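Take a look at the structure set out below.
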Amino acid sequence: MCIFSLTTGEDNCMVSQAVTRQSVDFSKWYNEIVYKADLAAHSPVRGTIIIKPYGYEIWDGIKNALDKRFKATGHQNAYFPLFIPESYLRREAEHVEGFSPELAVVTHAGGKQLEEPLVVRPTSETIIGEAFSEWIQSYRDLPLLINQWANVVRWELRTRPFLRTSEFLWQEGHTAHVDEADAERETLQMLDIYADVAVHEAAIPVIQGRKSNIERFAGALRTYTIEAMMRDKRALQSGTSHNLGQNFARAFNIQYLDENNEQKLCWTTSWGLSTRMVGAVVMAHGDDTGLRLPPRLAPIQVVIVPIFRSEDERGPVMDAGSRLNAALSDAGIRVKLDTREGLRPGFKFNDWEMRGVPVRLEIGPKDVENEVAVLARRDLPGKEGKQTVSQANIAAVTLELLDDIQANLLSQAAAFRDANIFDVRSYDELKQVIDEGGWARGWWGGSDDDERRVKDETGATIRCFPFEQPGGSGSCLLTAGPASQVALFARAY
RNA sequence: CGGGGUGUAGCGAAGUCCGGUUAUCGCGCACGCUUUGGGAGCGUGAGAUCCCCGGUUCGAAUCCGGGCACCCCGACCA
């Protein structure tokens with residue numbers, strides 16, 4: 001609970017510990033959370049961050065959830081080099097144009113200038129395409145389903161921890177197929193996997209859809225996306241999947257011999273999800289007391305805070321804490337017993353709330369005597385989230401509670417999102433909705449230039465054409481011309 | 001790349017205008033005592049090339065010249 005300054009009315013409470021309220025300055029709130037919850041630290045190079053263990057463990061959870069699903073759908077991991085010959089990027093015209101402004105290029109190595117500069121990969125379509133052209137000979141080699149876990153570099157001018165950094169971690173899937181239908185099936189399958197991880201692991205509801213021409217990946221035929229709403233109502237593209245058509249196959253000569261002994265060009269796909277997702281978890285669930293982590297991704301699911309006044313009480317309480325710790329751990333729960341000395345319980349409560357631990361278990365002398373403990377859930381504030389439970393069946397109760405918290409975070413986020421999406425029929429309505437921070441959904445039949453105009457005038461972009469369409473047709477909200485699909489507009493990160 | 005701002009202990013700041021002894025304060029950190037069911041108190045202590053280089057001066061965190069870095073606004077942007 002924040003203690004507000006009575007003299008100024010400002011919420012500069014306990015400056016060193018508390019966080020700026022979301023309603024006061026969401027960006028500031030976000031930055032403070034990232035550092036105070038120990039997710040990341042500043043690094044010496046502009047636009048880069050050090051991902052600290054607690055933040056990395058969240059990424060690890062996302063990574064494991066994805067990797068499991070990639071393997072289950074027949075993909076294999078591999079690793080391609082960080083350095084890409086500059087000439088590779090040039091081979092696909094649209095691709096090089098899309099990326100050249102943000103490339104980091106190595107021109108010197110080994111004490112002398114390189115004959116050909118090496119690009120630090122912004123993404124690996126080109127170098128993987130080159131490899132695929134050698135690996136693939138026959139239709140029997142297809143589909144080729146590869147994924148790599150890697151870091152990439154994009155020299156961004158304006159950076160924010162996790163959301164946009166000059167270097168970031170991600171996975172990039174790259175596949176090759178016999179025909180368009182198979183490539184499209186793959187592209188959509190991987191988007192589904194992203195949505196599944198977002199919804200069921202991160203508890204973030206997402207809208208799946210297709211990107212507009214303008215927002216399409218440089219070199220792709222079609223780009224698909226999952227879009228999530230943050231608590232400031234801005235949209236965050238949380239994962240994308242591209243049907244690359246035959247553009248890269250053509251540029252890198254990725255061909256196969258079909259059953260009739262004819263040379264055919266492959267159809268390729270690529271898809272990526274990055275450490276940006278960690279930022280999504282922070283911004284989709286966090287509140288004014290800190291992070292709120294979904295149990296499935298929380299590095300620590302339950303923290304046990306022992307409470308005692310005297311040395312006499314210390315022993316029995318710590319013993320009980322250890323027993324509870326063992327019981328929960330045996331049940332497969334990621335649990336931590338907070339044995340730090342010299343800190344009062346109140347401080348620890350706030351500390352773990354800042355770090356977003358879903359469940360806190362308080363155990364004090366009275367509880368030891370009564371063979372109970374107090375369970376407090378992070379998703380419900382204060383007393384509302386507390387219950388006294390018997391120590392005997394602690395594991396079962398806690399497991400159920402974790403599931404409940406996971407579900408509740410998802411439904412809270414879904415309710416928030418649904419309450420902030422509005423159907424609009426005219427440009428005026430769109431402007432009003434965007435102005436108030438919401439997402440606007442409406443029929444769209446405009447051109448690329450029309451779309452740019454909306455962006456210039458309102459700051460909102462087409463986040464996607466959602467897969468879920470009302471059906472039929474309507475008139476474009478901007479041009480009033482015929483429109484066959486609805487688009488979703490929002491201000492985005 | 002244009003406009004504005006800031007560089008002083010791990011973090012945040014004061015001091016700079018108007019040069020002057022040992023550079024100040026808060027948080028954090030270490031140790032001790034008292035505390036401990038919602039952000040503890042007191043005491044002791046460690047911790048600084050005052051962004052860098054040069055100049056002026058008896059003397060520079062402070063004045064002058066040059067450089068670098070970072071932040072904000074704009075532009076740009078998978």
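Nothing here was measured: the structure is a model prediction, and the numbers come from that model. Quick note on labels: first sequence line is chain A, next is B, and so on, each numbered from 1.
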* Separation of the C1' atoms in A48(B) and C11(B), to the nearest angstrom -> 14 Å

* Span that lies between the P atom of C68(B) and that of C25(B), in whole angstrom -> 36 Å

* Asked: Is a donor-acceptor contact shorter than 3.5 angstrom present between the side chain of T223(A) and the base of A78(B)?
  -> no

* Measure from NZ or CZ of R344(A) to the centre of the six-membered ring of F347(A) and say whether it is under 6.0 Å with the direction within 45° of the ring axis. => no

* Asked: Does a distance-only test, which skips hydrogens and angles, find a donor-acceptor pair under 3.5 Å between the side chain of D367(A) and the base of G37(B)?
  -> yes

* Pair assignment for G20(B), Watson-Crick or G-U wobble, requiring both distances under 3.5 Å -> C58(B)

* To the nearest Å, give me how far apart CZ (R340(A)) and P (G39(B)) are. => 15 Å

* To do: Using a 4.0 Å heavy-atom cut-off across all strands, classify P365(A) as base, sugar-phosphate, or nothing.
  => base

* Asked: What about Q237(A): does its side chain form a donor-acceptor pair under 3.5 Å with the base of A78(B)?
  -> yes

* Considering only the P atoms, how many Å lie between U6(B) and A13(B), rounded to the nearest integer? -> 12 Å

* To do: Both distances under 3.5 Å, Watson-Crick or G-U wobble: report the partner of C1(B), or none.
  => G74(B)

* Is the closest side-chain donor-acceptor distance between D450(A) and W444(A) under 3.5 Å? -> no

* To do: State whether the distance check finds a donor on one side and an acceptor on the other, under 3.5 Å, for side chain K383(A) versus base G38(B).
  => no

* Give a yes or no on whether W149(A) atom CH2 has more than 12 heavy-atom contacts from other residues, nucleotides or ligands under 6.0 Å away. => yes

* Think R344(A) has a side-chain N or O under 4.0 angstrom from the OP1 or OP2 of G37(B)? -> yes

* When you measure from the centre of the six-membered ring of F162(A), is the NZ or CZ of R276(A) under 6.0 Å away and within 45° of the axis? -> no

* Base partner of C42(B), which must satisfy Watson-Crick or wobble distances under 3.5 Å -> G32(B)

